[in-house]
Amino acid sequence: MAMLMLSGLVAPGAAVEPIKISPDDVALDLSDAVEIYRGQGENFQVSTAPGADGIVRRIEVEAQDSGSTGDWAVFALANTTDEQLDRLIVAPHFRLVGSGLIWPDLGSQRIAAITPSEGFALDRQKSSDADEFLVTLNPNTVVTFVAELSSRNLPQVYLWAPSAYKDTVNSYTLFRGIVIGIAGLLALFLTILFVVKGTSMFPATAALAWAILAYISIDFGFLSRIVEISPGTEQLWRAGTEVSLAATFVIFLFAYLNLNRWHDHFSYGVLAWILGLVLLAGVAVIDPAMAAGIARLSFAATAVVGLGLIVYLGYQGYDRAIMLVPSWLMVLVWLAGAWMAVTGRLDNDIVQPAIGGGLILIVLLIGFTVMQHAFSGSALFQGLFSDMERQALAITGSGDVVWDWDVLRDRVITRPDISRQLGLPANTLHGPARSWLPLLHADDRDTFRTTLDVILEHRRGRISQGFRVRGADGHYHWFSLRARPVIGSDGEVIRCVGTMVDVTEQKKAEERLLHDAVHDNLTGLPNRELFLNRLDATIAMASNERNIRPTVLVIDIDRFKLVNDELGISAGDTILLTIARRLHRLLNPGDSLSRIAGDQFAMMLLSEQDPARIASVAEAVRQAIGTPVTFARREIVLTPSIGLVSWTSAQSSAEEMLKDAELAMYQAKRFGGDRIEPFRPAFRSIGTDRLQIESDLRRAVERSELRLAYQPIVRLDDGSVAGFEALLRWEHPRRGTIPPSDFIPIAESSGLIVQLGLFAMQQAAEDLYAWQKQLGDVPLFMSVNLSSRQLIRRDLVGDVRSVIARSNIKPRCFRLELTESLVMDNPEQSAHVLAKLKELGIGLSLDDFGTGYSSLAYLTRFPFDTIKIDKSFLDDPSSKGDVLLRSMVSMAHDLGLSVVAEGVSEEADAHLLRQTGCEYAQSFHFGVPADAESTLRMLQEQYPLAQA
């Protein structure tokens, strides 16, 4: 360095104004007295302040720092006292006040060296936070100081008394140590809390606390004492902590408010925000000032956005948002103070440490808020509950009503008040226990009163009782009361406390289940079990009272399965409901009606004991069921089979009595149905035989015990055999030959008739083919009877087609016979099936023509080619019989039908039939049913030429 003292030369600028100092000046702010000269290069000349002699001199200073910026600062000090003064010139490296919001001054070394205009060179004091120079001012001297600047900015220059500066530094060090200690403890505690409670809110809070600790450590110069920070990297460290503070602040807001539960857009926005701040950390390496400015703007934006979210979510009733309000108000106050500091509106030495302390208050308040979530309602807090508190919480959570009877004051209280639940005025049931009695069901009052009296008398026990309480609308509510007495010191009951639960819905469900268990779901009538129970009770009374004699009727609907098969289950259910209503109208007081099976009803008569009156009721039942039922614009006529039995002392149980009535009903069905059959003891063996016959019949099909007998159908004009009717016969190995009238009804009811009918068709067709093969092409046909079950089967047409194909006969040689009643049970279905059969080319015969009750107009709808006249028209000796016979034959011929007469017993009948034009006859008079071999021999005798 070279210094030149010149006088009388023109200075490049006006001389500086010296600052007078005295021993009483502890600290002087020289910032406003410092003159800055920029871009002066490595050599700088300046005029000094006027000395004691008033002379202005010039000095020239050469830069000592190799990286000199060319910026210089000049100030002057005047010691007007008579004593020597020692002072410290202090230029802080970083000052928050006035640092700026965008591209802030993040601090650095300010002064490289200071050169005085006279005296010795200044001694630089060792300090990591400021540039400190010790200067000695001689008495009555004026010294000009030229400072070589290491950075473009010189925010502040102080002149301190050394002892005062040392005391101030020590006091700030203590404050900063306390603040850093609190911040460290908070960060550590919140980290531990994060380990205990692993939800996202706690690590986010801990990260914010650590970021604040890092910021304060940098701001207070604590980090430089732990980590060696090289010169020039202070800005990078400070920018990094400000970016981390801004990032953790955003993360805390997102995690604490659990924003992802409200909308996914919050998650996307916060993720983009944090990624931007992460990129900003990379920018800090290149331009720390810009990164710090953006971080400060991010912090302010987070505070403003957070305020809006807290207000919005608070109005939505979100508890977390409401609890964060105090902490966020502190954030907003701190943000306002920080803004005033960085913009220079607050300018004193206390602002910067105050701002750091404010961050500690914020994280402390946030920590308290978060800890409230950590301990409230969690496992850490559950152990602090007392047993009483735990029981109270359990009752509150269950929603039960607390029932409290103060025995000494005789006052009952319920919490909550059940009066409102019952629609009664508030506190209606708050009062003496006896005030409950008028509202209890009459059947529950005595039990309720007795239970309370027993508790008081015995001074122990528990109340577990259900009772009904009448509401304002007159309906009763079921409640279940469970309580226990509280015994006082004198051994007497002083209180009785428990809970009440409204079990109305459960009781209704139990009643429905009980009702459904003993009642039919469709008709609502009692089922078989309830009927037997009532009948058992009636029989028990009949044993002791002579005027009680029950009669049981079992009613079965004939061929009801056809209704379900043809019209569907829903139609069948509708018809059953109609029949149930009709039967119910026939009941008198004391009588009972039950549905015991699908289409079976049982009736117990107590109102009638006279046999004639009982028969009259049974006839009324038959007529009620026989009345046509209209469904889907159709009239459906049903008939019942009714079995009845009256009680006698020999019948010991309801089960036996009902079984006897069922046996009588089955006997009525054997006789063709639509009849009333009283029970006779002989029916019991018939019922056993029926089961045995059904079992044997199943094995008969497997063992080939069934065979066919063929009855000839002759031509009346020449007496030749035109065809045969195949009749099914059963040769039982023990019983011998069983007539069709005994096993065919059993086969129909058990479903075996389908298998038997298919056997009859196949065997008859094969025998016919065998005869024709022996005799040649003779004009013979074969008729096979068709049952109702076969007619309603969808596979009937396929079965017939298969029989014809397998037997290799011509379709015109094969006929099916159907009774008139079978066809008229379901005319539409019958017409459809018969048309399909007719398309196969087979013949169709209508059996028992004229015996039915249907309209003859239906005859034109069916594709019959033959009718068979019942023998009853031949047995009629009157002239009306002849007229009817001739009319039927004439009508058949007009319709293009041939006629077969059954039951011809005399030659005179045959002669009459020839006169009427009848083509065929069938009876024992012309031939008895014979097996296949006998029939073949008879045909060989009739057609010898064809055989030859």
Would you mind reporting whether [Y] and [X] have side-chain heavy atoms less than 4.5 Å apart?
{"X": "L532", "Y": "E529", "result": "no"}
{"X": "V899", "Y": "T866", "result": "no"}
{"X": "L895", "Y": "F864", "result": "no"}
{"X": "L756", "Y": "L697", "result": "yes"}
{"X": "L716", "Y": "F926", "result": "yes"}
{"X": "W647", "Y": "T551", "result": "no"}
{"X": "R595", "Y": "P526", "result": "no"}
{"X": "L706", "Y": "F759", "result": "yes"}

Taking only distance into account, with no hydrogens and no angle test, what donor-acceptor pairs under 3.5 Å do side-chain atoms of residues 596-604 form with protein atoms, sequence neighbours excluded?
{"from": "Q600", "atom 1": "NE2", "to": "D556", "atom 2": "OD1", "distance (Å)": "3.2"}

Keeping the roles fixed (side chain from [X], backbone from [Y]), state whether a donor-acceptor pair exists under 3.5 Å.
{"X": "D909", "Y": "L912", "value": "no"}
{"X": "D865", "Y": "L844", "value": "yes"}
{"X": "S934", "Y": "A930", "value": "no"}
{"X": "S923", "Y": "V904", "value": "yes"}
{"X": "S807", "Y": "V803", "value": "yes"}

Which residue pairs satisfy the side chain to side chain donor-acceptor pair (under 3.5 Å) criterion with at least one member in residues 567-583, sequence neighbours excluded?
none
Tell me the side chain to side chain donor-acceptor pair (under 3.5 Å) pairs involving residues 719-732, sequence neighbours left out?
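Listed by first then second residue: D696-H732, E705-W730, R707-E731, R715-S720, D718-S720, E725-N785, E725-K868, E725-Q922, E731-T737.
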Does atom NE2 of H584 have more than 12 heavy-atom neighbours from other groups under 6.0 Å away?
no
What do you reckon, is NZ of K838 surrounded by more than 12 foreign heavy atoms closer than 6.0 Å?
yes
[X] to [Y] - nearest heavy-atom pair and separation:
{"X": "V784", "Y": "A760", "answer": "CG1-CB, 4.1 Å"}
{"X": "L818", "Y": "L816", "answer": "CD1-O, 3.9 Å"}
{"X": "V721", "Y": "L780", "answer": "O-CD2, 3.7 Å"}
{"X": "A580", "Y": "L593", "answer": "O-CD2, 3.9 Å"}
{"X": "G917", "Y": "V889", "answer": "C-CG1, 4.1 Å"}
{"X": "P929", "Y": "A709", "answer": "CB-CB, 3.8 Å"}

Could R622 and E619 be called an ion pair, given the rule that one side-chain N must be under 4.0 Å from one carboxylate O?
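Salt bridge present between R622 and E619.
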In Å and rounded to the nearest 0.5 Å, what is the [atom1] to [atom2] distance from [X] to [Y]?
{"X": "D520", "Y": "R528", "atom1": "CG", "atom2": "CZ", "value": "13.5 Å"}
{"X": "K669", "Y": "I642", "atom1": "NZ", "atom2": "CD1", "value": "11.0 Å"}
{"X": "I867", "Y": "D847", "atom1": "CD1", "atom2": "CG", "value": "11.0 Å"}
{"X": "Y920", "Y": "L913", "atom1": "OH", "atom2": "CG", "value": "14.0 Å"}
{"X": "C918", "Y": "R886", "atom1": "SG", "atom2": "CZ", "value": "12.0 Å"}
{"X": "L576", "Y": "I569", "atom1": "CG", "atom2": "CD1", "value": "10.0 Å"}

Full working for side chain to side chain contact (heavy atoms under 4.5 Å, CB included) between L708 and L727
CA-CA 6 Å; L708 292 180; L727 303 175; over 6 Å; no
Residues S845, S783; criterion side chain to side chain donor-acceptor pair (under 3.5 Å); working and verdict:
CA-CA 8 Å; S845 297; S783 292; 4.6 Å; no
D799 meets the side chain to side chain contact (heavy atoms under 4.5 Å, CB included) criterion, sequence neighbours left out, with L758, R793, D795
Which residue pairs satisfy the salt bridge (charged side-chain N to carboxylate O under 4.0 Å, His left out) criterion with at least one member in residues 912-937, sequence neighbours excluded?
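Checked against salt bridge (charged side-chain N to carboxylate O under 4.0 Å, His left out) - neighbours excluded - the pairs reaching residues 912-937 are E907-R914.
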Applying ring-ring contact (aromatic ring centres under 6.0 Å, His included), name anything that partners F814, two or more places apart in sequence or on another chain.
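Applying ring-ring contact (aromatic ring centres under 6.0 Å, His included) to F814 gives none.
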Determine whether Y710 and D767 satisfy the following criterion, side chain to side chain contact (heavy atoms under 4.5 Å, CB included), listing intermediate values before the conclusion.
CA-CA 10 Å; Y710 301 100; D767 288 344; 2.3 Å; yes
Test side chain to side chain contact (heavy atoms under 4.5 Å, CB included) applied to R815 and M782, step by step
CA-CA 6 Å; R815 293 185 181 182; M782 180 67 71; over 6 Å; no
Distance alone, cut at 3.5 Å: any donor-acceptor contact between the side chains of S641 and R675?
no
Distance-only donor-acceptor check, side chains R634 and T630, under 3.5 Å:
no
Side chain to side chain contact (heavy atoms under 4.5 Å, CB included) between M657 and V645: does it pass, once the steps are laid out?
CA-CA 7 Å; M657 192 172 181; V645 59; 4.0 Å; yes
